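Have a look at the structure below, then the notes.
Throughout, numbering of the chain's residues begins at 1 and tracks the sequence. Fair warning: this is a prediction, and the values are worked out from it, not measured in the lab.
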Amino acid sequence: MKMINGYMERSDLLFFRKWFRKYVSNFYSDDSFIMQNIRLKEDHSWRVCSNSIKISNSKGLSASDRYLAETIAIFHDIGRFEQFSRYGTFKDSESEDHAFLGVKILTSEDILSLMASDEQKVVYFAVENHNKFSISAINDERSVLHSKIIRDADKLDIFKVFIDEFQFRESNPNPALYMGFPDDPGYSGSIIEDIFNNTLSSIENVKNQNDLNLIRLTWLYDLNFTESFRLVEKRKYIERIMETLPQNAEMMSVRAHLEEYRDMMLG
């Protein structure tokens with residue numbers, strides 16, 4: 001691996017891809033539940049890379065910034081593998097914050113040491129902030145940009161993960177995705193209120209699995225790029241998530257409101 005003038009090259013990205021594959025393989029297990037979820041996060045990471053590439057291309061970023069965005073996508077969930085192997089859960093409140101854990105791992109493995117210091121700072125900041133309610137204040141436009149890219153790319157694939165889980169839960173359920181929340185018929189009015197107020201809702205409002213899917217729909221209000229909304233529309237994420245929820249008049253209004261917001265953001 002080498003850096004020229006502090007800018008990433010494709011060879012650097014290929015190095016990180018190879019290292020990531022080897023790192024993740026250390027967590028492969030004969031335990032089918034652990035292996036199911038290690039694979040889940042490994043596959044998720046590669047799809048987040050794909051989303052990141054689409055967003056970066058749509059913004060016309062330089063080659064070095066495109067490589068940097070994909071590097072962040074590769075490493076954004078690096079803490080998930082140790083987290084699940086150690087604690088058997090993806091619930092940060094019952095284990096540890098997987099983003100902070102990811103930064104610890106990147107630091108201890110010293111994998112970013114050959115990057116220019118300013119690009120290392122961007123990676124660490126974006127990884128640390130990818131799962132937070134909002135991006136920490138920082139006087140660095142590049143760090144904010146890359147944090148927005150990874151937050152959008154991550155959310156877009158989490159939509160897919162939970163749509164797939166709903167589709168295949170009868171034949172191949174994965175209880176880890178529901179983080180212990182019950183499969184009750186109701187849902188929280190506070191999240192519905194946030195949806196109609198165009199407001200990102202807090203995980204503290206989640207009481208059951210319906211709430212988990214509703215709160216993900218509020219993520220639309222935290223998307224940053226037109227390309228992200230284009231992918232939401234193309235992949236029919238609103239429609240498909242709504243199919244997982246109770247079918248009633250209130251939910252019809254929720255769907256109409258979210259689709260109107262998406263269309264407005266698409267211009």
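- A salt bridge between Glu70 and Arg17 is present, with a side-chain N of the basic residue lying under 4.0 Å from a carboxylate O of the acidic one.
- Side-chain contact of Asn129 with Ser136: a donor-acceptor pair under 3.5 Å is present, judged by distance alone.
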* Between Phe125 and His146, is a side chain to side chain contact (heavy atoms under 4.5 Å, CB included) present by the stated rule, with each step listed? -> CA-CA 9 Å; Phe125 184 84; His146 281 282; over 6 Å; no
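- Using modelled atom types and a 3.5 Å distance limit, the side chains of Asp194 and Thr218 yield no donor-acceptor pair.
- Counted by atom type alone, Asn131 and His76 present zero donor-acceptor pairs between their side chains at under 3.5 Å.
- Comment: Asp222 does not engage Lys148 in a salt bridge, judged by the lack of any side-chain N to carboxylate O separation of less than 4.0 angstrom.
- Summarising the geometry, atom CG belonging to Leu220 is positioned 10.0 Å from atom CG belonging to Leu200; distances are rounded to the nearest 0.5 Å.
- Under the 4.0 Å criterion applied to side-chain N and carboxylate O atoms, Lys104 and Glu82 are not assigned as salt-bridge partners.
- By the 4.0 Å N-to-carboxylate-O rule, Glu233 lies too far from Arg230 to be salt-bridged with it.
- The pair Lys160-Asp43 does not count as a salt bridge, with every side-chain nitrogen at least 4.0 angstrom from each carboxylate oxygen.
- Judged by distance alone, the side chains of Glu250 and Tyr187 do bring a donor and an acceptor atom under 3.5 Å apart.
- By the 4.0 Å N-to-carboxylate-O rule, Glu42 lies close enough to Arg39 to be salt-bridged with it.
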